[in-house]
Amino acid sequence: MSNKSRIENNLIKNQQLINIIDGMSKSDIDNATTIEKLKDIYSEDFRHSYSMISKKLHDMDSDERDIVSEGMSQLVDGLIEYEKSGSSIDGIEGLIKGITKLNDHINLEIIRIQLDTQADEKLRDAVIRAETIKENTSYLETNVNDLNSEIWDLKNQAESSNTQSITILSIFAGIVFVFTGGFSLISTALQNINSASVYKMTYTLSLVGMLIYNLIFLFFYMIAKVTGKDISAGCLKTSQHYCFNDEKPCESCKGPKKFFRKFWYTLVPNIFFILVMLVAVIAWLMRH
């Protein structure tokens, strides 16, 4: 037989072997018939193709591969028992040798496919875990950034609070100084009440009172600005609107009227002090 004929014959027998394996995976073969086919195939030093068998096993699912492995094991055991029984089959030794190698190759290939499948599953699990870790890392980074932002805000608030506290303490110290100086002037004026004119005394006390009141108001206004508070009074209600920040201003809350309505508690005492000083001056001029 020429080399070309031998190659073509091997291809035909390998295809026959693949058909047997395919039928074995579906459990629709008979052992006796299969042995006869295999005996014809493994004649003349036939060697099965590893690549063709591997491809066929790879195309099967796991259950079909298990059925093929079980069928090959039963086939090998049956041949060995048949040989031990003393029955004679032409070429049984070569047949047993060839089928044993085929069984060994099929089992090795099934193990390799199982290991590859497990490796793929582990790789997929690793990819999923990596994605999960990446998402958790991104989430943690976001939380860390938010936490850093909150810490920075708290730090700024703390620094601002310290500044406000120092400013407020300084302003209160100024208020105490104003009270001390004002009462000192009032005390000095009262000590000279017997020698001073009542008009001058009234004028001086009104002037000192107005200065003290305005300085105290100025200090409180500065505290309100530092703390972000509003110490002004709200505009009075009209028939249409309120003069609040979120509302449309009413007509009575514009210009001088608006200033008077917002700071009337400052203007009224000043007007009173000024009137008292004017009365004292007019009375003094009429007396002299």
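- Atom CD1 of I133 is separated from atom CG of L140 by 11.0 Å, given to the nearest 0.5 angstrom.
- With rounding to the nearest 0.5 Å, the separation of CD in Q16 from CD1 in I21 is 12.5 Å.
- Hydrophobic clustering places V268 together with V276 (ILVMFWY residues linked when any side-chain heavy atoms are closer than 4.5 Å, directly or through intermediates).
- Considering only heavy atoms from C-beta on, N270 comes within 4.5 Å of Y213 through its side chain.
- No side-chain heavy atom of E64 sits under 4.5 Å from any side-chain heavy atom of L57.
- Contact of the L102 side chain with the L17 side chain is registered, since non-hydrogen atoms from C-beta on lie closer than 4.5 Å.
- Side-chain contact check for K101 versus H48: some heavy-atom pair is nearer than 4.5 Å.
- The CG atom of N136 sits 11.0 Å away from atom CD of E141, with the distance rounded to the nearest 0.5 Å.
- The side chain to side chain donor-acceptor pair (under 3.5 Å) check on T266 picks up nothing, with sequence neighbours excluded.
- We find the OG-CG distance between S69 and N103 to be 6.5 Å, quoted to the nearest 0.5 Å.
- Members clustered with I151: L147, by chain and number, using a 4.5 Å side-chain heavy-atom cutoff among hydrophobic residues.
- Under the salt bridge (charged side-chain N to carboxylate O under 4.0 Å, His left out) criterion, the residue pairs touching residues 115-139 are R112-D116, with sequence neighbours excluded.
- Membership of the apolar cluster around L115 extends to I111, as traced through chained side-chain contacts below 4.5 Å between ILVMFWY residues.
- If you chain together ILVMFWY residues whose side-chain heavy atoms come under 4.5 Å of each other, V144 ends up in a group of its own.
- Residues passing the side chain to side chain donor-acceptor pair (under 3.5 Å) test with T137: none are found, sequence neighbours excluded.
- The side chain to side chain donor-acceptor pair (under 3.5 Å) check on D104 picks up nothing, with sequence neighbours excluded.
- For Q114, the side chain to side chain donor-acceptor pair (under 3.5 Å) test picks out no residue, with sequence neighbours left out.
- Using modelled atom types, no side-chain atom of S149 and backbone atom of N145 make a donor-acceptor pair closer than 3.5 Å.
- N14 has its side chain out of reach of I53: every pair of non-hydrogen atoms, C-beta onward, lies at least 4.5 Å apart.
- Here the straight-line distance linking atom CZ of R65 with atom CD1 of I106 works out to 12.0 Å at 0.5 Å rounding.
- In this structure, the side chain to side chain contact (heavy atoms under 4.5 Å, CB included) partners of D59, at least two apart in sequence or on a different chain, are K55.
- Across all non-hydrogen atoms, the minimal contact from M24 to G71 is SD-C, 3.9 Å.
- Residues satisfying the salt bridge (charged side-chain N to carboxylate O under 4.0 Å, His left out) criterion with K56, sequence neighbours excluded, are D22.
- Residues forming a ring pair (Phe, Tyr, Trp, His ring centres under 6.0 Å) with F272 (at least two apart in sequence, or on another chain): none.
- Under the 4.5 Å side-chain contact rule for hydrophobic residues, F273 and V279 do not share a cluster.
- To the nearest 0.5 Å, atoms OG (S73) and CG (N107) are separated by 5.5 Å.
- There is no path of hydrophobic side-chain contacts, each under 4.5 Å, that joins I67 to I110.
- For I274, the side chain to side chain contact (heavy atoms under 4.5 Å, CB included) criterion is met by M210, M277, L278, not counting sequence neighbours.
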